[in-house]
Structure formats: C-alpha cells, structure tokens
Amino acid sequence: MVITVPICLLLTVAGLAVYGRAEALGDARTTRAEVGLSLRVQALVHQLQRERGLTNGLLGGEKEYRTPLAATRKRVDTALRAMRTERDVEGVIQRHLRRLAAVRTAADRGTGGKGAADRTATLTFYTTAVDALNAVDPVADTMTRDDGQLRDGLAALRELAAAKESVALERGLLNGVFAEGAFHGREYLTFTEVRATRVAALARFRQVATAPQLASLKRAFATGDATRATAYERRAEAAADGSALRADAGIWWDAMTVLVDDLYAVQQTVGDDVRDRADDLSRGAELALAAYVLAGTLIATLVAGLAAFASRSLTLPLRTLAEAAHDVARHRLPSAVARIQQSPQDQVEFPEAPPLGGAAEIAEVAESLRQVELTALQLAAQQAGLRRNTTESLANLGRRNQNLVRRQLGLITRLERQELDPDALAELFELDHLATRMRRNAESLLVLAGQNPPRPTAAPADGLEVVQSAVAEVEQYPRVLIAAVEPVRVRGHAVADVAHLLAELLENGLTFSPPTERVEVHGWYEAEDDTYSFAVVDHGIGMSAADKERADARLSGAGEDAFLAAPTRFLGHLVVGRLAHRLGEGAKVHLFDTPGGGLSALLVLPGRLLAPAQPPQPPQPLSTTPPAPAVSALLNGFRAGVARAEARSTPRSTQGASS
C-alpha cells in the first residue's frame, strides 16, 4: 500500500503527458485546416474587391466595364457556392451578401431613374461585406499561442489582407471618381482615410513579416503599374477642392488591378508559409505523441518492475522510505518550491537530498523519488520564469499601448482644435473619451505588472480637478454626481495615482448599480488626524459581509499574490490595492454599506500627500459650510467604519466579491 501512491502518481503523470500531446496533435491539425479556410476566404474577398471596383466604375459612366464585370460576377458566385458548406463563413454571407443580386440589378440600371443605384451606397455595401469577411478568423489560438513563427505568419496575413483591401477600395473609389471626373460629397475624405489605413497596415506587416515576404512586397510596389498608380493618386490628391479631374479611368483601373493582383500573390505566398508552418507543427506533434506513448510505456514497465521489486522488501525499510517521502512532500519540496519562486531565474539552486540508509531496494526507490522531486523543482523553476516573463511581456505591452494612446490623444487634440463642424467635433470628443479610458486600462496593466506609469504631474492639483479627471476616465460619466468636495490640493507626484484609483472605484460603482441611479463623490477634510477623504457612494446591489471582508483584503494592497493567479473579475480591486500601496503609509481604502442599500468606498489620504493652499493664506478649515443632514449621517457612518476597521487586526488574505 505504501508504494501504491507513488506508482499511481507516475502513471497519472505519464497519462496526462500522453493526453496533452494527443491534444496538441489535434490542435495542430485543426489549425492547418482553418488556415486553409482563411486562404479560401481571401480568394472570395479578392473577387469581391474586383467586382466592387468594376461596379463603381460602371456607375461613374465607364460602360466598357460591363463585359469584365459579368465575368467577375460569375467568379464571385462560384466562390460563394464553395463557401456555403463552411459554417464560420455562411453566417457572414447571409448577413452581408443577401442583397447582392438586388445591388447588381440596380447597378445595371445605372445612376438615373427609378430603382437605379447610388454609387456611394453601392461602394459601402461591397466594402461592408469585404470587411466582414476579412474579420472572419477561424484559426484557434492554441497553436499560435505556443509558436511565435505561426503567430507572426498569421499576423502578417491579417495585416496584408487589410492593406490589400485598402488598395482595392482605393481602386474602386477612384475608378468611379475618375469616370465621373471629380470628387463629390465625402469621397475625398474617404480617399484619404483609405490611404492612411493602407500605410498603417503595411507598417504593421513589416514588423512581423520575414525577409522574403518583405522582398515580395517591395517588388509589388516597384512595378511600372504601381508607379503609374502613384502618379494618378497624386492627381487625385490635387483635386481636394472638387475641381475637375482629367484622368483615364481605364489606365487607372488596369494599373491598380496589377498592383492588387501582385499583393494577392504576396498574400498567397505568406499563406503558403503559414500553411507550411502548420504542417511542420502537425508533424512535430505526431512525433512528440509517439515519443510520449513510448515513454509512457517505458514508465509503466519501470513502475511495474519497481512495484514487484519493492514488494520483497521488509516492513521497516518501507516505513523509513514512507517517512522520507512524507518529508519530501510536506516539508522539503514545498519549501524548495517557495525558494525557487522567490529567487531570480539565474540563481535557482536545487537542494541536496539527505542520504537514506536501508537495503539496496529502498535506496533505488529513494533515488527514484529524488528524481521525481528534481523534476517537480525544475517544473517549478520553469513556471516561475514563465510567470516573470509573462509579467514583463504584459508590462511591455502596457507601455506600448500607453505610448500609442498618448500619441492618439495628442492627435485627437490637434484634430479638435482644427475641427469647426459641431457634429464632427462631438464625435472627436467621444473618441477622446474612449482613448482616455484606453489609457487608464494600459496604466492599470502597468500597475498590476509592478511598473510605474510614466504620467507624472509636477504641480499640485485641486481636489475637484482630481475628481473631474477620474470622472473623465469612466464610461458612464454622466451618471456621476460630484456632490460635495471640500477644497484641497494634492501633491503633484500623487495626482495621477489618486485620479486613477478614484476612476477604478467609480467604474466599479457604475457597473454594479442600476442604470437609473447616480454614483456620488464626496470629499472632506479631517482636521483631527490631518487627512483628506474621498467617498464614492453607489446605491447598487451591495456585498455580503464575507465578500466585503475579502474585497477589503485586496483593496488594502497587502496581498502578495501575483495578479496572474487572481481571477480576472478581481483585477480592479488589485489595481486599487496596488495604487493605495504605492501612495505610501497612511493611504487606505475601505468599503462600507451605503444607507438604504448599495456600497460605498472610502479613500483616505494622509497629510503628507496634501499640498498647502496657493497663494499662501492663514490656516482655515477647508470648508465652512456645514454638510446637509443626509451627508452628515453618511460621513458619521464612514468615520465609525474607519474606527472599526483600524481596530481590527490586519486583514487575512482572502478571495471573493466581485470587482
């Protein structure tokens, strides 16, 4: 019975290893099939792009496009019939191409008369369908997560599809414009947006493409047709004021069609590379499965032999072996794993096992257990390194996103200053708000990864400005009511962290309260202990006492658990806890029940984070207006809750509650 447990463990590990390899083989085969589906989708997209350009030219007045348009429509219909059996694509076709016959009929009637087509609407119909097909990404992320080459290949394929769509859309758009002889409506703005999209997609493609793929792309843009297309683009750029365009639509179409076909050839080359990589992974998975099956068989044979050999040993050596195994499982192995996880990756040391006396049989089994221990320690070391690398990768991603969002905010600000149309300006403001929220998400990722977001504030800020900055970073900001915030100035180095912390608390309150209820923000100064408190009050679903205790433990910032091990719904709590911890001693966050239902969060800032009033003036209370009775009751409840929280011992590390 003593040797049964190690035997079962070894067999279980071998079985799980074989099962994992079999699962990896299935994933590799699935990935290969789905890469093929993606390439067939791009073949359909290529024909649709051609039909879109010919149709737009026909509607612009080029009647000679009818013959090539009819042939292109047949190729599109053939590709659509081939896609009817693909469940991932069938839904997209039903939603976005069910009106294809009606659009074609209207295009054949021309642009005048009843039932005729509108050139802009027709172009939008085809573009929407192409975008929907490009968005189909059936490839599972199991293999791409483990293989960087396959992941980069798929990314290059996606970015090249986006660039090719931009070129094809520009071909179709200007085909109609050149045929008609001038830009109308928003056509010139659409032209510039399509050009910008192409440039961005090609830049992203160059970041992940291989050298041969980059060379193929360079050749595609170096042909004489590409040069002629560029010259025609410059003519279009010069007609931004709506002036007449003297350009041969046929020459433009032929030149751009060659460029689109060349890009499609590059796309097929990239697709072949991706498919070849998927094939290699599939073959590798097959070999790995065979090796694991063989290793599993050998392990099972070895275990059976050890069991038969150990059965001849005496009871006393077996008891000694059992005690040694228990010591490994209960003491040595956990302590060694803890040391490994806390040590730098290049300073991992494996402990030496104490010698175990007894018969030769017992010594051999003890050595086998030692090998199991070393394997477990190696796995722990690999896991610790993986977690460190993952944290560093997430921090790097957060920094990249933060830099991009900062640049995006600067661009939006410049556009807002230049925009005179109220409707467009309102949309820019909404985009500005979305980018601000994206910046907070990137900073939250950096906070969780233990990084300092580079967003310093040199000068102190007024408490109301800090609250307003936090409100600007939440989605449902119109529901936030800044009830009463007494004057205070927060020191510059703490402004960004306090605003970020308040934004997380506001987001939590808005999420877990009815959409008709407001979330209130209060702020007041406590002269007795020289602190300033911000309260975020909601009237939502609240929390149970146990959930609230666990949430308080996370909000305290004292937990040592890595955020990678915490459930994702608690990340908001962890961000608040990290920010409170970073603000230093005296900064605290507590949760309290709101009178009448809901939950309230209290942020307490110590006096060292408060700046003197400017300009200098005699000391005076930050507010001389007594609060309303309802607010006074709320503040008294907060003060009593703070006293109870500080009277309790340090919260235990727990889990639970929603974020």
Side-chain angles (χ1 to χ4, degrees), residues 42-73 75-76 107 119-120 122-127 129-131 134 159-184 187-202 205 216-240 245-269:
Q42 288 305 311
L44 171 60
V45 167
H46 183 67
Q47 297 303 327
L48 271 176
Q49 290 168 339
R50 186 178 182 87
E51 180 178 340
R52 175 182 59 192
L54 289 170
T55 302
N56 203 41
L58 178 65
L59 293 177
E62 293 291 336
K63 304 301 182 183
E64 62 271 15
Y65 284 160
R66 290 189 179 276
T67 300
L69 178 59
T72 301
R73 287 175 176 176
R75 290 193 292 271
V76 169
R119 187 155 56 87
T120 302
T122 303
L123 184 68
T124 302
F125 167 80
Y126 281 103
T127 301
V130 169
D131 289 342
N134 277 334
E159 299 303 338
L160 191 57
K164 175 174 167 287
E165 164 57 9
S166 298
V167 174
L169 179 57
E170 181 183 352
R171 174 186 65 178
L173 174 65
L174 291 187
N175 199 30
V177 172
F178 288 154
E180 193 161 343
F183 284 103
H184 296 289
E187 287 181 335
Y188 185 81
L189 180 60
T190 303
F191 164 61
T192 58
E193 290 173 347
V194 169
R195 290 283 304 280
T197 301
R198 181 181 76 181
V199 171
L202 289 176
F205 172 79
S216 299
L217 180 67
K218 185 176 180 180
R219 286 193 297 271
F221 279 96
T223 62
D225 291 285
T227 303
R228 282 190 291 274
T230 301
Y232 271 65
E233 287 174 345
R234 295 195 184 100
R235 293 190 191 181
E237 290 175 350
L245 266 173
R246 293 181 176 84
D248 190 327
I251 295 177
W252 161 258
W253 171 261
D254 292 340
M256 285 297 283
T257 298
V258 171
L259 178 58
V260 171
D261 291 343
D262 289 343
L263 289 178
Y264 182 58
V266 177
Q267 192 177 30
Q268 289 178 312
T269 301

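No experiment lies behind these values; they were computed from the predicted model shown.
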Would you check if [X] and [Y] make a side-chain contact, meaning some heavy-atom pair closer than 4.5 Å?
| X | Y | answer |
| --- | --- | --- |
| Asn56 | Thr122 | no |
| Trp253 | Leu54 | yes |
| Leu245 | Glu180 | no |
| Tyr65 | Asn175 | yes |
| Glu51 | Arg75 | no |
| Arg171 | Arg50 | yes |
| Thr227 | Thr223 | no |

Who pairs with Ser166 by side chain to side chain contact (heavy atoms under 4.5 Å, CB included), at least two apart in sequence or on another chain?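 Applying side chain to side chain contact (heavy atoms under 4.5 Å, CB included) to Ser166 gives Val194, Thr197, Arg198.
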
Go through the structure and list residues passing side chain to side chain contact (heavy atoms under 4.5 Å, CB included) with Thr192, not counting sequence neighbours.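 Result, side chain to side chain contact (heavy atoms under 4.5 Å, CB included) vs Thr192: Tyr188, Leu189.
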
With sequence neighbours excluded, residues passing salt bridge (Lys or Arg N to Asp or Glu O under 4.0 Å) with [X]:
| X | value |
| --- | --- |
| Arg228 | Asp225 |
| Arg52 | Glu165 |
| Glu193 | none |

With rounding to the nearest 0.5 Å, note down the distance linking [atom1] in [X] to [atom2] in [Y].
| X | Y | atom1 | atom2 | result |
| --- | --- | --- | --- | --- |
| Leu259 | Glu170 | CG | CD | 9.0 Å |
| Leu174 | Phe191 | CG | CZ | 5.0 Å |
| Leu263 | Phe205 | CG | CZ | 9.5 Å |
| Leu123 | Leu169 | CG | CG | 5.5 Å |
| Leu173 | Met256 | CG | CE | 10.0 Å |
| Glu159 | Gln267 | CD | CD | 11.5 Å |

Non-hydrogen atoms of [X] and [Y] that approach each other most closely:
| X | Y | answer |
| --- | --- | --- |
| Ala220 | Asp262 | CB-CB, 3.8 Å |
| Ala201 | Ala162 | CB-CB, 4.0 Å |
| Leu58 | Ala107 | CD2-O, 4.0 Å |
| Ala229 | Ala255 | N-CB, 4.2 Å |
| Gly57 | Ala179 | O-CB, 3.9 Å |

Among all residues two or more places apart in sequence or in another chain, which pass the ring-ring contact (aromatic ring centres under 6.0 Å, His included) test with Phe178? Tyr232, Trp252

Polar side-chain atom of Glu187 near backbone of His184 as donor-acceptor pair, under 3.5 Å: yes

Can you see whether Gln42 engages Lys164 through a side-chain donor-acceptor pair at a distance of less than 3.5 angstrom? no

Pair Arg195, Glu237 - check salt bridge (Lys or Arg N to Asp or Glu O under 4.0 Å), show working. CA-CA 11 Å; Arg195 290 283 304 280; Glu237 290 175 350; 2.8 Å; yes

